[in-house]
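Whatever order the structure lists them in is the order used to number ligands and atoms, beginning at 1.
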Amino acid sequence: MNNPVLLQNLRNIPDFPIKGIQFKDVSTLFKNPECLRIMVEELYEMFKDKGITKVVGIESRGFVVGAALALRLGAGFVMCRKPRKLPADTRKATYMKEYGEDTIEIHSDAISEDDVVLLHDDLLATGGSMKAAYGLVKEFNPRKVYLNFIIELTIEGLNGRAAFDNETEISTLIKI
Ligand code: AMP
């Protein structure tokens, strides 16, 4: 937890994409081989005994470590994507963002009731996007769903965990 090498390499971009937001730029963790290794290995240690069969990554920053982790765990990888990107039949969830609505989609045949799912994204802020993805994944009735983020933002009173009930298993590598 809060590995110093990850903390040192995470880039903060003030006022992106709009004034007042401190944007945590995980691209500096993705491009650094040691950081990439640390993230995947720390997550592998957390989840190696959970019987994960599918890692679901949220577009697009959830795809990078999500896919690497799926390979390490011997699991499959599923993309949770923005609207009209997936070519086959999909299930959809629409949710409220700060400005207007957003929709996410997963292929209808991507998850089965036998799966143990690890749902992964880069960062937990308000929890809105993960909550929508979690609801969508639960519609497939998998055996179990774990939620994971690289970064959990707790600064400025953010409490993304409050978007989920106490039974939801949420893990993060870095708390800021
Ligand atoms: P939320 O739905 O509010 O939890 O927002 C999480 C999503 O928005 C993640 O996919 C992040 O990539 C992105 N995000 C929100 N706030 C930030 C931030 N301060 N820095 C970097 N990414 C962010």
#### Entry: Minimum side-chain heavy-atom gap K175-N2 below 4.5 Å
yes

#### Entry: Close side-chain approach of L118 and V56, heavy atoms under 4.5 Å
no

### Task
Consider every N or O of L123 and every N or O of ligand 1, then say whether any pair is closer than 3.5 Å.
no

### Whether over 12 other heavy atoms sit under 6.0 Å from K48 NZ
yes

### Query
Which of the atoms of ligand 1 are close to L153, meaning less than 4.0 Å from one of its heavy atoms?
19 (N)

### Task
Would you indicate whether the side-chain heavy atoms of V137 and I106 approach each other to under 4.5 Å?
yes

### Query
Looking only at protein heavy atoms, which one is nearest to atom 22 (N) of ligand 1, and how far off is it?
F23 CE1, 3.4 Å

### Query
Does a side-chain N-to-carboxylate-O contact under 4.0 Å join E105 and R81?
no

### Message
Check this for me: does any side-chain nitrogen of one of E113 and R143 sit under 4.0 Å from a carboxylate oxygen of the other?
### Response
no

### Task
May I ask whether M130 has any heavy atom positioned less than 4.0 angstrom from an atom of ligand 1?
no

### Message
Please list, in number order, the atoms of ligand 1 under 4.0 Å from a heavy atom of T126.
### Response
1 (P), 2 (O), 3 (O), 4 (O)

#### Entry: Sub-4.5 Å side-chain heavy-atom contact between M46 and Y146
no

### Contacting atoms of ligand 1, where contact means under 4.0 angstrom from a heavy atom of R61
11 (C), 12 (O), 13 (C)

### Query
Is G127 in polar range of ligand 1, meaning some N or O pair under 3.5 Å apart?
yes

### Task
Considering the heavy atoms of D122, write down every atom of ligand 1 situated less than 4.0 Å from one of them.
9 (C), 10 (O), 11 (C), 12 (O)

### Query
What residue and heavy atom of the protein are closest to atom 20 (N) of ligand 1, and at what distance?
K24 N, 2.9 Å

### Query
Is there a donor-acceptor contact under 3.5 Å linking the side chains of D25 and S27?
yes

### Message
Give the atom numbers and elements of ligand 1 that come within less than 4.0 Å of a heavy atom of S129.
### Response
1 (P), 2 (O), 5 (O), 6 (C), 7 (C)

### Message
For a quick check under 3.5 Å, do S171 and N148 share a side-chain donor-acceptor pair by atom type?
### Response
yes

### Message
Within the protein, is there a heavy atom lying under 4.0 Å from atom 8 (O) of ligand 1?
### Response
no

#### Entry: For D121, the ligand 1 atoms whose distance to one of its heavy atoms is below 4.0 Å
9 (C), 10 (O)

### Atoms in ligand 1 with a heavy atom of Q22 nearer than 4.0 Å
18 (C), 19 (N), 20 (N)

